[in-house]
Amino acid sequence: MTKLSVVEQVAVEQVRDAPMLARVQAWTAINSGTRNLAGLRKMADALAEGFAALPGELALVDPDPVETVTGDGRIESIGHGRHLHLKVRPEAPVQILLTGHMDTVFGADHPFQQGRWQDDGSLNAPGAADMKGGLSLMLAALEAVEASPLAAGLGYEVLINSDEETGSLSSRGLIERSARGKIAALTYEPALPDGTLAGARGGTGNFSLIVRGKSAHAGRNPDEGRNALVAAAALAVRLADARAPGLSVNPARIDGGGPNNVVPDLAILRVNFRPKDADSIARAQVALDEASAAVSAAYDVQVEVHGSFNRPPKPLDPGAEKLFALVKQAGADLGIPIAWKATGGVCDGNNIAACGVPVVDTMGARGGAIHSAEEFLIPESLPERAALSVVTILRIAEGSFRP
């Protein structure tokens, strides 16, 4: 026997009739890789057209400046697309945040550009699960909320950024501003194929270490040179040895070197850290500082460290546990079993949680094989997860959630 209120039942019926799959197919036909600025402009315009059906103030916000270290050791600005931001009823007594991203990992030159139906009925398309399916069902849920009598007491912001897949560096400030004053947040990353949600998450930090040595002839006077490539390799080994329980370290790439007869004077080490908690971040920072100093002294080179821990760890604190419980009960009342488990992956939910806002960050469609040409969306999960969202949002609006 359903435990849905009459208001919830009406909203669920409405959301199930929304054209979610058609939107997914249209949006996945637009290449919106993070570096494809033309594609992101087209995607942002398409999303703005769709989300304009909601009341409030909609804007496409310019990205914050972001710098990157090039392969030849220069610091350059890197372009990003604009971010969609919608603010609805900021004066309402209950305020929530809904977030997603429009970018994918598939660039304009990637071979994975077309959608196709698979034999099992799933949709194989770039960004179908991660996360254009989530954006589609988010919009459908909000349209149903707006048709509800509970809408008047609910205010919300929608933030859809263009750079989540590369760390949200140009949207981090916008995320923090949008999270202020919110009682809860929902992010529309995909759930697992069986519907399992992500619970606690570790954090992440990406760094580029520029090593500057001194060139020399490899045969005539090699001892006068300072081999930056060797020093970078020593850095990589030292940092890899810093791994510990709760902290994984992945030296991922070294750029540099040149002709065999020249001692290389420049190398760039790219390294990723995955800290489980704040203490692990502190250990990683100490490892960075100590390795840089030791290698600089041992190899007579200069080491410049660029980067940051851009995604803080996201533990399941009491507020998050209460929000998960609300989602679980909404699922139970809809006949949808809800479970969650910890994951090593990161997303904007990490940044939202760091602002002190409880967040469930896998409210999107069910799917899998994300970040690969085998990515798939389970179409029947669109109305299912949209119903889960609309019931969750309506219960927050009526006061059922207190962090």
Side-chain angles (χ1 to χ4, degrees), residues 87-90 92-100 134 138 141-142 145 150 153-159 161 164 168 171-191 195-204 246 275-281 309-334 336-364 385 388-403:
K87 184 179 290 188
V88 177
R89 290 184 294 275
V94 178
Q95 295 286 325
I96 65 171
L97 173 62
L98 301 98
T99 72
M138 179 213 291
L142 290 174
V145 167
L150 295 175
L154 176 70
Y156 56 89
E157 291 186 45
V158 174
L159 171 56
N161 56 2
E164 191 277 339
S168 303
S171 59
R172 182 163 51 186
L174 183 56
I175 292 170
E176 292 171 355
R177 293 191 297 275
S178 299
R180 290 174 189 160
K182 303 303 185 293
I183 192 173
L186 304 174
T187 295
Y188 285 80
E189 294 290 346
T196 301
L197 309 182
R201 292 181 182 270
T204 188
K276 183 179 180 181
D277 50 32
D279 289 343
S280 299
I281 290 179
F309 291 96
N310 59 301
R311 304 276 200 207
K314 190 198 80 170
L316 270 186
D317 61 18
E321 289 178 345
K322 289 180 182 178
L323 186 57
F324 269 100
L326 178 71
V327 173
K328 183 174 183 177
Q329 186 60 56
D333 293 343
L334 287 162
I336 304 170
I338 299 295
W340 54 89
K341 65 179 181 180
T343 176
V346 295
C347 73
D348 287 334
N350 292 67
N351 301 76
I352 294 167
C355 296
V357 179
V359 58
V360 174
D361 55 30
T362 38
M363 293 293 289
R385 300 322 249 200
L388 180 66
S389 273
V390 77
V391 173
T392 297
I393 294 169
L394 289 175
R395 291 183 179 180
I396 293 173
E398 69 179 5
S400 296
F401 176 69
R402 291 288 183 269

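- Across Phe401 and Ile396, no two heavy atoms sit closer than the pair CB-CG1, 4.1 Å.
- Side-chain N/O atoms of Ser400 and Glu398 include a donor and acceptor closer than 3.5 Å.
- Side-chain atoms of Leu142 and Tyr156, non-hydrogen and from C-beta on, do get closer than 4.5 Å to each other.
- The side-chain heavy atoms of Leu186 and Met138, taken from C-beta on, include no pair separated by under 4.5 Å.
- Of all heavy-atom pairs between Leu323 and Pro358, the closest is CD2-O, 3.5 Å.
- Under the rule for a side-chain contact (heavy atoms from CB on, under 4.5 Å), the partners of Ala185 that lie at least two apart in sequence or sit in another chain are Leu97, Ile352, Val357, Val359.
- Closest of all the heavy-atom pairs between Ala198 and Thr362 is N-OG1, 2.9 Å.
- Gln95 contributes a side-chain N or O that, together with a main-chain N or O of Arg89, makes up a donor-acceptor pair within less than 3.5 Å.
- Screening residues 336-348 for salt bridge (Lys or Arg N to Asp or Glu O under 4.0 Å) gives Arg311-Asp348 as the qualifying pairs, with residues at least two apart or on separate chains.
- Qualifying side chain to side chain donor-acceptor pair (under 3.5 Å) partners for Asp277, counting only residues two or more places apart in sequence or in other chains: Ser280.
- Counting only heavy atoms from C-beta outward, the side chains of Arg385 and Tyr188 never approach each other to under 4.5 Å.
- Rounded to the nearest 0.5 Å, atoms CG (Asn350) and CG (Asn310) are 9.0 Å apart.
- Applying the ring-ring contact (aromatic ring centres under 6.0 Å, His included) criterion to Phe309, with sequence neighbours excluded, gives Phe207, Phe273.
- Looking only at side-chain heavy atoms (C-beta outward), Asn161 and Leu174 stay at 4.5 Å or farther from each other.
- Side-chain atoms of Phe324 and Leu197, non-hydrogen and from C-beta on, do get closer than 4.5 Å to each other.
- A side chain to side chain contact (heavy atoms under 4.5 Å, CB included) with Arg395 is found for one member of Thr392, Val391, Ile393 and no other, namely Val391.
- No side-chain heavy atom of Thr99 sits under 4.5 Å from any side-chain heavy atom of Glu164.
- Between Val158 and Val88 there is no side-chain heavy-atom pair separated by less than 4.5 Å.
- Contact detail for Val94 and Ala397: the closest heavy-atom pair is CG2-O, 4.1 Å.
- In this structure, Gln329 and Ile338 have side chains that are not in contact, with every pair of non-hydrogen atoms separated by 4.5 Å or more.
- Scored by the side-chain contact (heavy atoms from CB on, under 4.5 Å) test, Ala354 finds Pro312 as partners (sequence neighbours excluded).
- Taking Glu176 as the reference, Arg172, Cys355 meet the side-chain contact (heavy atoms from CB on, under 4.5 Å) condition, with sequence neighbours excluded.
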